[in-house]
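Quick notes on the structure that follows.
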Amino acid sequence: LMGSDGASGPDEHAFNALFEAHYAELRRFVVRRIENRAAAEDVLAETFAIAWRRRELTPEPALPWLFGICHKVIANHRRSTKRRLRLTNRLAGTRPDVGRDPADLLAERSEIGRALSRLSAAQREVLRLVAWDGLGATEAAAVLDCTPAAFRVRLHRARTELAKHLAEAGHEPGKATSTAEPREGLQGTR
Amino acid sequence: MNDDFQDDELLKLLAAEDPASRPEETQPESPGEREAVRARATQLLHGDSGRRRSIGIPVRPRLAVAAGLAGIALAVAVILVVGGSSSGPARALAIDKGPRWVTLTIRDPTASDAEMNQELAAAGIDRVRVRSVPGPQKGVGTWAGYADFGPVCEGRVTRFGDYGVRIPAAQSTPANRHSSDSLIDLTVPHNGALAAEQVGTPYSGATLRLKADEVDNPHYSAKILVPIRAKSPQDEPHANQIGASELLALGGVFAEYGKAFEDGHTACSDFGLKPVSRVAPPGQ
C-alpha cells in the first residue's frame with residue numbers, strides 16, 4: 001500500500017478517524033439491508049475503501065454521502081448475488097443461502113412488515129431511509145442521488161402504498177399525517 | 001426519527017420495526033469485527049496501490065506483525081516442501097484457504113496458466129482454474145476478474161455462464177454473453193481502466209478472494225479466474241476467448257463442458273436440466 005514510512009502517519013490517522021466516526025452508523029445502515037453477516041462486513045469494508053479514495057469529495061456532514069456510497073455497494077452486491085444464483089445448478093435442488101433482506105423478516109412478524117414486503121424495493125428503500133436511518137428529505141435525497149423534491153414525491157407514493165396495503169389488511173395506523181412535504185434543513189441521524 | 005417526520009404515525013409505526021434496534025435479529029457487533037473490516041478496507045486500498053495513486057496509509061502495526069509471522073510460516077513451509085516433496089513449492093500463486101475465504105494472490109506474473117492451475121490442483125481446488133489474457137502492461141500481475149461457469153437451462157437453451165464476464169471494465173455486450181454456441185470473450189480493454197470499486201467486485205489488484213463455501217461446491221458454478229499477462233507477439237487473434245479446446249485443456253468439470261460443446265450435446269436434457277424462467281432471449 002501506500003507508503004509504509006512515517007510520512008503517511010497523518011493519513012492513517014485521518015482514515016482511522018473517518019472509520020471510527022462512522023462505523024457504528026454505517027453498520028446499522030448495512031444490517032438494515034443485508035442479513036448475511038459476512039456480506040455485510042464486505043460491504044462495509046468496500047464502502048470505507050471507496051470513501052477513502054474519494055475523500056477529497058467528502059461533504060459536511062459526511063454521513064449521508066457515506067450512506068450514498070454504501071447504497072450503491074449494496075446494490076452491486078445484490079446484483080452479483082443474483083448472477084451467481086442464476087448459475088446454480090438446478091439439479092442440485094437446493095439454492096445457496098444468499099441472505100434475505102431484513103425487511104422480509106418483518107413480514108413474518110407484523111402487519112406493517114407484511115405491508116412493507118409488498119412494496120417494490122425502491123419504495124422500501126425510501127421508507128427505510130426515513131423511518132430506520134432517520135434521515136431528513138435532503139439527506140435521503142443525497143443518498144439516492146436525486147433532488148429533495150423528487151425524494152418527497154417518492155416518499156409520498158411509497159407511504160401511500162404502504163398505507164393502502166395496511167388498510168387492505170384492516171389496519172388503520174392512527175391518524176397518519178402525510179409528511180410528503182417535510183420541513184427542510186434538519187440534520188442528523190439516529 | 002428525523003424531526004421532518006416526527007408527526008407521522010405511519011412512519012413511527014415502521015420505525016418501531018427497525019431491525020437494527022433488535023440485536024437478537026441483526027447480531028450486535030462482535031469482538032474483532034471492526035478490526036476485521038478495517039483490515040479488509042485497508043487490504044482493498046493496498047491492492048490498488050499498484051495502479052492508483054498512493055493514498056498514504058501505512059500498514060498497521062498489527063497487520064505488519066501478522067504479515068511477518070505469515071512470512072516466517074511461509075518460509076518454513078517452503079523449506080519443508082522443497083526439502084521433502086517432489087511436487088515443489090507453490091510459486092505462481094499464494095493460496096490461503098481460510099474458513100470463510102479462499103484468497104489467491106498472484107506472486108509470479110510470468111508464471112504460466114499451467115503452473116497456476118497445477119498449484120490450484122495441488123491445493124485441492126478442483127472447480128477453479130486460471131486462464132490468463134493479454135492486457136495493458138500496468139495491469140500485468142493483477143486479476144482482471146473471474147467468470148462463473150456452469151450450465152443453467154433457460155427456455156430450451158443451456159447457457160454456460162453469467163450474462164457478463166465479471167471483468168469490471170467489460171461492458172455487457174453481445175460478445176460477453178455466451179451460450180452453447182458462442183465463446184466467452186475475456187478481452188481486457190486497451191485503456192486498462194479496471195475500476196473494481198465501481199462495481200463492487202470482491203477482488204483487488206493481485207489478490208482475489210472467493211467465498212470458501214462456494215469453492216468446489218457443486219451447488220455453485222465453477223470459476224475461471226482471469227489474470228492479466230503481458231502481451232506477446234505470439235498471441236493469437238483469439239487469445240482472449242475460451243472455447244471448447246481451452247475448456248478441454250483445463251480438465252475436470254471444464255473438460256466435461258468442453259466435450260459437450262464439441263459433441264453438440266448442449267441441450268438442457270443433456271445435462272438433465274429443467275427449464276427455468278428465461279432471463280434473456282435465446283441467442284443473445
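Note on naming: letters A, B, ... go to the chains in the order of the sequence lines (proteins, then strands), and numbering restarts at 1 for each one. Any value given below was found using the heavy atoms of this structure, including those in side chains, with hydrogens, waters and symmetry copies removed.
- Within a 6.0 Å radius of CZ in B:Arg34, other residues, nucleotides and ligands contribute more than 12 heavy atoms.
- Considering only residues two or more places apart in sequence or on other chains, B:Thr105 meets the side-chain hydrogen bond (donor to acceptor under 3.5 Å, both in side chains) condition with B:Thr207.
- Looking at heavy atoms from C-beta onward, A:Arg159 lies in side-chain contact with B:Asp8 at the 4.5 angstrom threshold.
- For chain B, the option among A:Phe48, A:Phe29, A:Tyr23 with the highest count of heavy-atom pairs below 4.5 Å is A:Tyr23.
- Closest of all the heavy-atom pairs between A:Ala131 and B:Ala15 is O-CB, 3.2 Å.
- Within the 4.5 Å cutoff, the side chain of B:Thr42 has no heavy atoms near those of the A:Phe19 side chain.
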Salt bridge (Lys or Arg N to Asp or Glu O under 4.0 Å) evaluation trace for A:Glu20 with B:Arg38:
CA-CA 10 Å; A:Glu20 290 298 333; B:Arg38 192 201 312 265; 2.5 Å; yes

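- B:Glu29 approaches A:Arg37 most closely through the heavy-atom pair C-NH2, 4.1 Å.
- Here the straight-line distance linking atom CG of B:Leu11 with atom CG of A:Leu155 works out to 6.0 Å at 0.5 Å rounding.
- Of all non-hydrogen atoms in A:Ala49 and B:Ala41, the two that sit nearest each other are CB-O, 4.0 Å.
- Residues A:Glu35 and B:Pro19 have side chains not in contact (no heavy-atom distance under 4.5 Å, counting atoms from C-beta outward).
- Applying side-chain contact (heavy atoms from CB on, under 4.5 Å) to B:Leu10 and the options A:Leu127, A:Leu162, A:Thr160 leaves one that passes, A:Leu162.
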Side chain to side chain contact (heavy atoms under 4.5 Å, CB included) assessment of A:Arg128 paired with B:Asp18:
CA-CA 9 Å; A:Arg128 247 190 302 230; B:Asp18 180 2; over 6 Å; no

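- The two residues B:Leu14 and A:Ile112 make their nearest non-hydrogen contact at N-CD1, 3.6 Å.
- Within the 4.5 Å cutoff, the side chain of B:Arg40 has no heavy atoms near those of the A:Glu41 side chain.
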